[in-house]
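What follows is a short report on a single structure.
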There are 2 protein chains.
Amino acid sequence: MKRKRIPQTTIARLPLYLRYLLKLARKGLRIISSYELAEHVGTNAAQLRKDLSYLGEFGTRGVGYDVAELIRQISKCLGLTKEWKIAIVGMGKLGPALLGYKGFEQEGFKIVAIFDKNPKKIGKKMGNLVVSDVTNLKEVIEKVGGVDIGIITTPASVAQKVANQLIDAGVRAILNFAPVTLGVPSNVVLRQVDLTTELQILSFHLT
Amino acid sequence: MKRKRIPQTTIARLPLYLRYLLKLARKGLRIISSYELAEHVGTNAAQLRKDLSYLGEFGTRGVGYDVAELIRQISKCLGLTKEWKIAIVGMGKLGPALLGYKGFEQEGFKIVAIFDKNPKKIGKKMGNLVVSDVTNLKEVIEKVGGVDIGIITTPASVAQKVANQLIDAGVRAILNFAPVTLGVPSNVVLRQVDLTTELQILSFHLT
DNA sequence: AATTTCTTGTGAATTTAGGCACAAGGCTAT
DNA sequence: ATAGCCTTGTGCCTAAATTCACAAGAAATT
Ligand SMILES: NC(=O)c1ccc[n+]([C@@H]2O[C@H](COP(=O)([O-])OP(=O)(O)OC[C@H]3O[C@@H](n4cnc5c(N)ncnc54)[C@H](O)[C@@H]3O)[C@@H](O)[C@H]2O)c1
Ligand SMILES: NC(=O)c1ccc[n+]([C@@H]2O[C@H](COP(=O)([O-])OP(=O)(O)OC[C@H]3O[C@@H](n4cnc5c(N)ncnc54)[C@H](O)[C@@H]3O)[C@@H](O)[C@H]2O)c1
């Protein structure tokens, strides 16, 4: 087959496949069919097979997919073979909740720096990190050897400014929780987690 | 024009338009063009106009859109004219962060009940609510006069069970933060907030 | 009243995603 | 070997979303 660009939608589904495959592996299961995997991820077998076909051919016809091999391939495709370093900016309500979440480190995302602007929070210990002053963001990030992903959990009013600081410090991926549309250069990846929007979409469907 | 079904993608963008329009209204601006509005929400003018055209025709050619009118129409379309009642299940790290967020109530989403299973948390006051035992979920929800949206912030292992309880209590919309694919009947709307997936998508783009 | 100017609203074209249906191909049993 | 079984991989068609490009229409100007 001529290998094509992986669709955005496929990329968004790969983590779901991976999650269920890891669960299967923990249970000791070695082989899974497209039908069964699709079922558990809430999609259909044809879509699952097409998604996987973008990464290569690693099923066995008449049998199914090798769980360990699929895990390896999806992880490789998503770039999960290395550990990514994360900084969180804004240690209010949401920031500490994210910091305290064990799941990220288990999946290879390590939080290495946390920032705030409030003098009452700066210097405070949270988890096993100390809150740094956002004014020194660039220097602190340099000191920890660079950061791959920046998470913004500040008020919306300063989110763009924080994004600019992160980008200036060499961060090339941003996950933004503040309810504003951020502008970033095209070499920076941005994803938005927008909880009010989620509720409003639910509201639409309830109406 | 023959009025067609509103695309999913349009529905997901309406909240972003609304958010920026409210900002404009606060600044006292009365008229906005599709170009300028599109610019600020990170899309293009043609898409914005097409999106709005699904709701009706309320622009003035040669002039632009009336900010107040657009706010009214989008709010109506999204069902934001009434107040929606919310229950949060799981008062660990994430649950209280959501509870403490002022933004939801400002947008017409009122948290009216919070649940946990841990006896140490049950009965504790959080915000101006008291944590109820999840075992009594149905009765508590009945007592507050019903709940429209359920937010799940429990461990993944119990998320499906909690979803079933919510549905059994008459909840027809669910926002799930637990990293599992939930199964719900077709008359229930489900949205997933999946932070690990978001990070993995960023990881893909960094690779 | 006619002309100019500007921005909307929308058919049509294009691009992207989804799903069917079946040939291809590996495994097992005889 | 060979036949039968089973599940993958994918060509092709359908549906959904995006983008283009321009006619339609409102206000301002002459
Ligand atoms: N908490 C929620 O459940 C929730 C829900 C939806 C959206 N959000 C959004 O997420 C963001 C964070 O929410 P929150 O509830 O944690 O807010 P919060 O007000 O509790 O915390 C914000 C933190 O950012 C810090 N801060 C302010 N300016 C800063 C700067 N320039 N640099 C670094 N830190 C700075 C503040 O000192 C504070 O600690 C907000 O934009 C909010 O709108 C939160
Ligand atoms: N905290 C984060 O930043 C984060 C990030 C990504 C995903 N998540 C997911 O969000 C969910 C919540 O995360 P968290 O960090 O708040 O977890 P947490 O462990 O801090 O809190 C979970 C809470 O749910 C309660 N609980 C357990 N079983 C229950 C039941 N049957 N009914 C009601 N409550 C019950 C627990 O007592 C606890 O208070 C988890 O599924 C987690 O994987 C969290």
Side-chain angles (χ1 to χ4, degrees), chain A residues 1-17 20-21 24 29-74 77 201 204-205, chain B residues 1-17 21 24 29-74 77 181 201 204-205:
Chain A
M1 187 190 80
K2 48 182 177 192
R3 193 96 313 145
K4 284 200 292 186
R5 201 195 96 266
I6 305 179
Q8 287 304 309
T9 45
T10 293
I11 295 161
R13 279 187 296 268
L14 289 178
L16 308 184
Y17 302 151
Y20 191 69
L21 287 165
L24 292 177
L29 208 55
R30 314 191 77 107
I31 299 287
I32 181 118
S33 73
S34 62
Y35 182 84
E36 206 185 336
L37 180 48
E39 167 94 331
H40 282 92
V41 176
T43 181
N44 66 68
Q47 171 131 254
L48 178 111
R49 291 201 301 272
K50 178 146 285 184
D51 282 343
L52 295 180
S53 78
Y54 289 107
L55 316 198
E57 300 185 21
F58 11 80
T60 309
R61 296 177 190 214
V63 177
Y65 295 93
D66 184 277
V67 172
E69 175 67 5
L70 258 198
I71 289 173
R72 208 160 23 241
Q73 293 293 343
I74 295 177
C77 173
I201 294 171
F204 170 85
H205 289 291
Chain B
M1 188 191 82
K2 50 182 175 192
R3 195 94 313 150
K4 284 200 291 185
R5 202 193 96 268
I6 305 178
Q8 289 302 310
T9 45
T10 294
I11 296 162
R13 279 187 295 268
L14 290 177
L16 307 184
Y17 303 150
L21 287 164
L24 291 178
L29 209 56
R30 315 191 76 110
I31 299 287
I32 181 115
S33 75
S34 61
Y35 287 88
E36 207 184 333
L37 181 48
E39 167 94 331
H40 283 92
V41 295
T43 181
N44 65 67
Q47 177 149 101
L48 178 113
R49 291 201 301 274
K50 178 141 284 186
D51 282 343
L52 294 181
S53 78
Y54 289 108
L55 317 198
E57 299 185 21
F58 11 81
T60 307
R61 296 177 189 214
V63 177
Y65 295 94
D66 183 278
V67 172
E69 174 67 5
L70 258 197
I71 289 173
R72 208 161 22 242
Q73 294 291 343
I74 295 177
C77 174
T181 306
I201 294 171
F204 170 85
H205 290 289

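The figures here come from the full heavy-atom set of this structure, side chains too, leaving out hydrogens, waters and symmetry mates. In what follows, chains are A, B, ... by sequence order, proteins preceding strands, each numbered from 1.
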What's the closest nucleotide to the [X] side chain, out of [options]?
X     : options               : answer
A:K50 : C:dG19, D:dG9, C:dG18 : C:dG19
A:E57 : D:dA27, D:dT10, C:dT8 : D:dT10
A:R61 : D:dG9, D:dT19, C:dT7  : D:dG9
A:T9  : D:dG9, C:dG18, D:dA21 : C:dG18
B:S34 : C:dT8, C:dG26, D:dT19 : C:dT8

**Study point:** Flag side-chain contact, heavy atom, 4.5 Å: A:F58 against A:D66
**Key:** no
**Study point:** N/O (side chain, A:R5) to phosphate O (OP1/OP2, C:dT15) under 4.0 Å
**Key:** no
Check your understanding: Just to confirm, is there a sub-4.0 Å distance from OP1 or OP2 of D:dT19 to any side-chain nitrogen or oxygen of B:N44?
Key ->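 Yes, such a contact exists.
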**Study point:** Full working for side-chain contact (heavy atoms from CB on, under 4.5 Å) between B:I74 and B:Y17
**Key:** CA-CA 8 Å; B:I74 295 177; B:Y17 303 150; 3.9 Å; yes
Practice item. Might you work through the side-chain contact (heavy atoms from CB on, under 4.5 Å) test for A:E36 and A:Y65, ending with a clear yes or no? Key: CA-CA 11 Å; A:E36 206 185 336; A:Y65 295 93; over 6 Å; no
Practice item. Return the 5'-most residue of the pair A:P7, A:A46 with respect to DNA chain C, ranking by each residue's nearest nucleotide. Key: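 Comparing both residues, the 5'-ward one is A:P7.
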[atom1] of [X] versus [atom2] of [N]: gap in Å, rounded?
X     : N      : atom1 : atom2 : answer
A:L55 : D:dT8  : CG    : P     : 15 Å
A:R49 : C:dG25 : CZ    : C1'   : 14 Å
A:L37 : D:dG9  : CG    : P     : 12 Å
B:Y54 : C:dT8  : OH    : P     : 17 Å
A:Q47 : D:dA16 : CD    : P     : 14 Å
B:Q8  : D:dT18 : CD    : P     : 11 Å
A:F58 : D:dT7  : CZ    : P     : 19 Å
B:E36 : C:dC6  : CD    : P     : 16 Å

Check your understanding: When rounded to the nearest 0.5 angstrom, what distance separates CG in B:L37 from OG1 in B:T43?
Key -> 9.5 Å
Exercise for review: Count the heavy atoms of every other residue, nucleotide or ligand shown that sit under 6.0 Å from CD of B:E39, and state whether that count exceeds 12.
Suggested key: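 Atom CD in B:E39 is not packed in, count stays at 12 or less.
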Check your understanding: What does A:Y35 touch in the nucleic acid at a heavy-atom separation under 4.0 angstrom: a base, only the sugar-phosphate, or nothing?
Key -> nothing
